[in-house]
Amino acid sequence: QVDVVMGTPADVNVSLPAVGGEGLPTTSHVRGRVTDSRTGGKITCPPPNDNPTDCVITATTIDRRTTGPVTVTSDPTPADQEYVLPAIDPGNPSNGLLPGLHAITVSAPGYESQTVMVQVPLGATVEAPPVALAPAATITGTLSTVVDALPAGTCVIVVPLTAGSAIPPCTPAAPPALTCTTTVADALCAVADSNGVYTVSGVPHGSYYVDVVPTNAEYLPVTPIQVTVASGETRQYSAVVNRLGRLTVTVLKPDANGTPVAAAGEIATVNPGNITSAATDTFGQTTITGLAGGSYTIGVTDGPSSATA
């Protein structure tokens, strides 16, 4: 209510509350069917996702809301059925999408994701264009070592060429899982098993660097290679992981009779690098690890006495 006096200006301040989705209701849905691009039939996921529980279709889109973009995801849909995005809830008719143009991304385990554009009307369920998913590629192989066994937690990281050739770090999942994570967007990661066998699944067609990254600092990363994979291809790549050198030092000193005996508790120093060892054991031995190839000088000091080799 505004009181206006003749001949006098009146100020009116109006506050309009924000309404999500430009004031439109979220009552729309998208329905669509997915097939295998090779057969035209239903998708058939590769192991370990080849069971009905895991071999499902998922559709996602970004909806604009008052609070910002919201990711809307369909319920997991059996491979032989249509997806509905989002699932229709008779008790909540406003759980749908806003009208407008939506990018719908459809995915399934072992397949490359595909995005289709769908014009969504107000308050209706619209049919999306059919999607034929192509199987993703797989990169697999065996890692071996020249000495000792392959250290647990050795990662294989498949990095898009656009991310550059720098070798990224990896974080293995807790055993017995053979998965890992890395800091590079769109990179895929797997951990080699106790036999050195690894498998990186779900690789979209394209070009990549393949990095072998031991999480044990005594082992060296393998020089990255470039590979290009086609949809559905299985690419073999095996590599040898090299370990840095180890040096075992035995320290002897004379006993009361002048006879050389094992010297326990002694510290050896290796140069270049000024690397100190752990104390020698009861056999007079200590092992220094992580040494690059080259020549070294070893020194041991015992009070006023010293020795160099």
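By convention here, the first residue in the shown sequence is residue 1.
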message: What verdict does the side-chain contact (heavy atoms from CB on, under 4.5 Å) test give for Leu97 and Val30, after you've listed the backbone C-alpha separation in whole Å, the side-chain angles of each residue and the deciding distance to 0.1 Å?
response: CA-CA 8 Å; Leu97 300 173; Val30 175; 3.9 Å; yes
message: Would Cys45 and Cys55 count as a disulfide (SG to SG under 2.5 Å) here? Give the steps.
response: CA-CA 6 Å; Cys45 304; Cys55 189; 2.1 Å; yes
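- Proximity of Pro46 to Ser201: side-chain heavy atoms (C-beta onward) are nowhere separated by under 4.5 Å.
- The hydrophobic clustering, which links ILVMFWY residues whose side-chain heavy atoms are closer than 4.5 Å, places Val241 and Tyr198 together.
- Scanning all heavy atoms of the two residues, the minimum distance from Val200 to Ala190 falls at CG2-CB, 3.7 Å.
- Val158 and Tyr111 sit in two unconnected hydrophobic clusters of ILVMFWY residues. Membership requires side-chain heavy atoms under 4.5 Å apart, directly or through other members.
- Contact check on Glu127 versus Arg33 returns no salt bridge, with no Lys/Arg side-chain nitrogen under 4.0 Å from an Asp/Glu carboxylate oxygen.
- Contact of the Ser207 side chain with the Leu161 side chain is registered, since non-hydrogen atoms from C-beta on lie closer than 4.5 Å.
- For Asp211 (side chain) and Val213 (main-chain N/O), no donor-acceptor pair under 3.5 Å exists by modelled atom type.
- Considering CD1 of Ile62 and OG1 of Thr71, their distance stands at 3.5 Å, rounded to 0.5 Å.
- Between the Ser238 side chain and the Thr142 main chain, a donor and an acceptor come within less than 3.5 Å of each other.
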- request: Evaluate the criterion side-chain hydrogen bond (donor to acceptor under 3.5 Å, both in side chains) for residue pair Thr248 and Thr287; output intermediate values, then yes/no.
  value: CA-CA 4 Å; Thr248 298; Thr287 299; 3.1 Å; yes
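- There is no side-chain donor-acceptor pair under 3.5 Å between Ser107 and Thr58.
- Interatomic distance, Thr60 OG1 to Leu85 CG, rounded to the nearest 0.5 Å: 7.5 Å.
- In plain terms, the two heavy atoms of Leu244 and Ala217 that are nearest each other are CD1-O, 4.0 Å.
- Val197 and Leu143 are members of different hydrophobic clusters when ILVMFWY side chains are connected at heavy-atom separations under 4.5 Å.
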field: Verdict with supporting geometry, Leu133 and Ile57, side-chain contact (heavy atoms from CB on, under 4.5 Å)
entry: CA-CA 10 Å; Leu133 293 182; Ile57 298 162; 5.9 Å; no
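- Distance OG/Ser28 to CG/Leu122: 5.5 Å, rounded to 0.5 Å.
- Between Lys42 and Asp36 no salt bridge is recorded (no basic side-chain N to carboxylate O distance below 4.0 Å).
- Minimum heavy-atom separation, Ala278 to Ile267: C-CD1, 3.9 Å.
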message: Using the rule given for side-chain contact (heavy atoms from CB on, under 4.5 Å), can you reason through Thr77 versus Val56, listing the C-alpha separation, both sets of side-chain angles and the distance that settles it, and then say yes or no?
response: CA-CA 5 Å; Thr77 304; Val56 293; 5.7 Å; no
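- Rounded to the nearest 0.5 angstrom, Ile167 CD1 and Thr223 OG1 are separated by 7.0 Å.
- Considering only heavy atoms from C-beta on, Val118 stays 4.5 Å or farther from Leu101 through its side chain.
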- request: Let me see the working for Val131 and Val116 under side-chain contact (heavy atoms from CB on, under 4.5 Å), right down to the final yes or no.
  value: CA-CA 8 Å; Val131 172; Val116 293; 3.8 Å; yes
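- Residues Val222 and Val227 share a single hydrophobic cluster, defined by chaining ILVMFWY side chains whose heavy atoms lie under 4.5 Å apart.
- At least one donor-acceptor pair under 3.5 Å links the side chain of Thr280 to the backbone N or O of Glu266.
- Residues Tyr296 and Leu291 meet the side-chain proximity criterion, which asks for heavy atoms closer than 4.5 Å.
- Between the CD atom of Gln236 and the CD1 atom of Ile139 there is a distance of 10.5 Å, given to the nearest 0.5 Å.
- At least one side-chain heavy atom of Val210 sits under 4.5 Å from a side-chain heavy atom of Val156.
- Contact annotation: the side chain of Leu150 never approaches that of Ser144 to less than 4.5 Å [non-hydrogen atoms, C-beta and beyond].
- The distance from the OG1 atom of Thr154 to the CG atom of Asn216 is 7.5 Å, given to the nearest 0.5 Å.
- Distance alone, capped at 3.5 Å, is enough to place a donor-acceptor pair between the Asp63 side chain and the Leu98 backbone.
- Under the 3.5 Å distance criterion, with hydrogens and angles disregarded, a donor-acceptor pair is assigned to the side chains of Glu112 and Ser231.
- You'll find the side chain of Val34 reaches within 4.5 Å of the side chain of Ile43, heavy atoms only.
- Considering Thr138, Thr140, Thr234 as possible partners of Thr199, the one that fulfils the side-chain hydrogen bond (donor to acceptor under 3.5 Å, both in side chains) test is Thr140.
- The hydrophobic cluster containing Tyr208 does not contain Ile157, counting ILVMFWY residues as joined when their side-chain heavy atoms lie under 4.5 angstrom apart, directly or transitively.
- Taking every heavy atom of both residues into account, Ile104 and Thr61 meet most closely at CD1-CB, 3.7 Å.
- Scanning all heavy atoms of the two residues, the minimum distance from Tyr219 to Ala149 falls at OH-O, 3.5 Å.
- Counting heavy atoms from C-beta outward, Thr215 and Pro151 have side chains that stay 4.5 Å or more apart.
- Annotation: Asp54, atom CG; neighbour count of heavy atoms from other residues, nucleotides and ligands within 6.0 Å is above 12.
- When every heavy atom of Thr27 is checked against every heavy atom of Gly123, the shortest pair comes out as OG1-CA, 3.3 Å.
- At least 2.5 Å separates the SG atom of Cys189 from that of Cys170.
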